[in-house]
*Asks:* 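My structure is below; once you've seen it, I'll send some questions.
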Number of protein chains: 2
Amino acid sequence: MPRPREFDEECVVAAIREVFWDKGYAATSVDDLMRASGLGKGSLYGAFGDKHRLFLRVLREYNDTNDRVLRERLASASRAVHFVREFVHGPSRDSTGASAQRGCLLANSTAELATSMPDVAAEARRSYDATAEILTEAIERARREGDVDPGVDADQVAYAVLAAQLGVVALGRTGMGVGALASVAESALTRLLPSPGHE
Amino acid sequence: MPRPREFDEECVVAAIREVFWDKGYAATSVDDLMRASGLGKGSLYGAFGDKHRLFLRVLREYNDTNDRVLRERLASASRAVHFVREFVHGPSRDSTGASAQRGCLLANSTAELATSMPDVAAEARRSYDATAEILTEAIERARREGDVDPGVDADQVAYAVLAAQLGVVALGRTGMGVGALASVAESALTRLLPSPGHE
DNA sequence: CGAGTTCTGGCCTGACTGGTCAACAACGCG
DNA sequence: CGCGTTGTTGACCAGTCAGGCCAGAACTCG
């Protein structure tokens with residue numbers, strides 16, 4: 001009975017995500033969002049509420065997708081240790097360095113907004129905890145598969161690996177070359193995940 | 001012959017630093033800066049140029065101070081390994097967690113602005129490189145002092161330690177408790193800086 | 001065809017943005 | 001005491017901000 005929507009909600013969220021990702025929250029105007037999505041202000045506000053709620057929606061979807069992808073990659077990895085290595089090296093896997101410099105929407109948003117928007121901080125924490133959980137599973141599996149020293153406490157190391165990856169992401173934002181970035185990641189990895197033969 | 005200034009430049013920069021630190025660049029208005037510094041708009045623009053240049057001035061001074069403090073701490077540390085440990089644990093050294101949640105001005109600014117302001121990215125890179133250099137010195141000294149396994153490549157480990165610290169700072173911004181933060185830092189440290197007895 | 005419902009896009013507002021500028025004030029020198 | 005130089009002030013600018021609102025369009029069902 002009602003008039004049907006002329007846009008696909010997911011496409012709009014995706015387009016808007018790119019803008020927030022590129023410019024940050026405060027530097028993005030509602031006009032930018034209208035242009036990127038092709039929607040009028042009325043449609044945007046009707047469907048998503050104000051800028052703040054729209055941003056939170058984008059961020060949550062981004063995090064959920066990331067978590068899902070990580071789980072899938074772990075499930076389909078031949079060896080769990082490859083998954084962990086790929087996770088830390090992620091930011092340096094770019095021939096041009098453009099995506100490395102762009103960083104991670106979650107990391108960027110947390111740094112910009114955690115103080116003034118508690119819900120962003122909470123969402124970030126939730127997502128990081130989920131990631132750490134996946135990493136814990138991966139490290140446990142890698143231990144069983146004989147690729148990681150059995151003495152390591154998977155839960156403890158998981159957060160250290162996560163911190164290292166966040167650090168690599170942060171360094172990537174400075175424009176550090178992907179080669180240097182990869183060697184930082186590698187340096188952290190070899191020490192955080194000692195092979196079984198090393199004792 | 002000229003009319004003397006009625007303000008101390010350093011005090012103004014310090015006051016303004018706090019505002020940028022709390023709110024971020026884009027969310028800070030020139031009005032905020034006037035209120036925080038007590039200066040009129042004309043004085044502010046006359047002394048520092050526009051908002052962008054003022055921010056860069058603040059950031060540079062922040063980084064220089066940080067580097068200087070780090071050098072002093074290393075020079076006066078009884079053992080270099082204590083300095084490195086303190087460096088990584090820094091973000092978790094707060095009883096309330098308020099300063100941990102506030103994060104680091106440099107890290108916040110880089111995440112917010114690296115894409116749109118190349119000079120911020122360059123300044124960040126310069127500062128991180130300087131920090132890594134100090135860390136390299138510290139690790140070499142710790143090796144000589146017998147606190148760190150002589151097999152570690154100080155230069156490689158320095159960047160890994162830096163990345164770990166950046167990660168701890170990022171996690172701190174999510175409101176993670178200082179206790180949890182400290183254990184992440186500790187977990188990373190014990191693996192990145194193995195004691196000599198461990199081989 | 002008409003009634004009911006939702007969607008759409010643009011207009012409006014009024015507050016706020018970063019930045020400029022001209023008038024005025026405070027000082028040292030001659 | 002002027003005079004030149006610089007600092008300070010507040011008014012002012014055009015433009016942008018987020019958000020509210022509404023008249024009309026597009027659709028389904030009766």
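Computed from a predicted structure; not experimentally measured. Convention: sequence-line order gives letters A, B, ...; per-chain numbering from 1.
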*Asks:* Would you find a donor on one side and an acceptor on the other, under 3.5 Å apart, between the side chain of E123(B) and the backbone of L56(B)?
*Replies:* no
*Asks:* Would Y128(B) and N63(B) satisfy side-chain hydrogen bond (donor to acceptor under 3.5 Å, both in side chains), going step by step from the backbone distance to the final call?
*Replies:* CA-CA 9 Å; Y128(B) 285 142; N63(B) 291 337; over 6 Å; no
*Asks:* Name the one of R126(B), R71(B), R57(B) that satisfies salt bridge (Lys or Arg N to Asp or Glu O under 4.0 Å) with D64(B)?
*Replies:* R126(B)
*Asks:* Rounded to the Å, how far apart are F48(A) CZ and dT8(C) C1'?
*Replies:* 14 Å
*Asks:* Reading nucleotides 7-20 of chain D from the 5' end, what letters show protein touch, with B for base, S for backbone sugar-phosphate only, - for no heavy atom under 4.0 Å?
*Replies:* BSBB------SBBB
*Asks:* Does anything in residues 13-24 of chain A come within less than 4.0 Å of DNA chain C? Heavy atoms only, and list the residues if so.
*Replies:* none
*Asks:* Relative to each other, are the rings of Y25(A) and H52(A) parallel, tilted or perpendicular (30° and 60° limits)?
*Replies:* perpendicular
*Asks:* With rounding to the nearest 0.5 angstrom, report the CE to OG distance, M34(B) to S43(B).
*Replies:* 9.0 Å
*Asks:* Does Y62(B) reach the main-chain N or O of L105(B) with its side chain, forming a donor-acceptor pair under 3.5 Å?
*Replies:* yes
*Asks:* Are the side chains of R144(A) and E140(A) in contact, using a 4.5 Å heavy-atom criterion?
*Replies:* yes
*Asks:* Look at the side chain of R173(A) and the backbone N and O of A111(B), then say whether any donor-acceptor pair between them is shorter than 3.5 Å.
*Replies:* yes
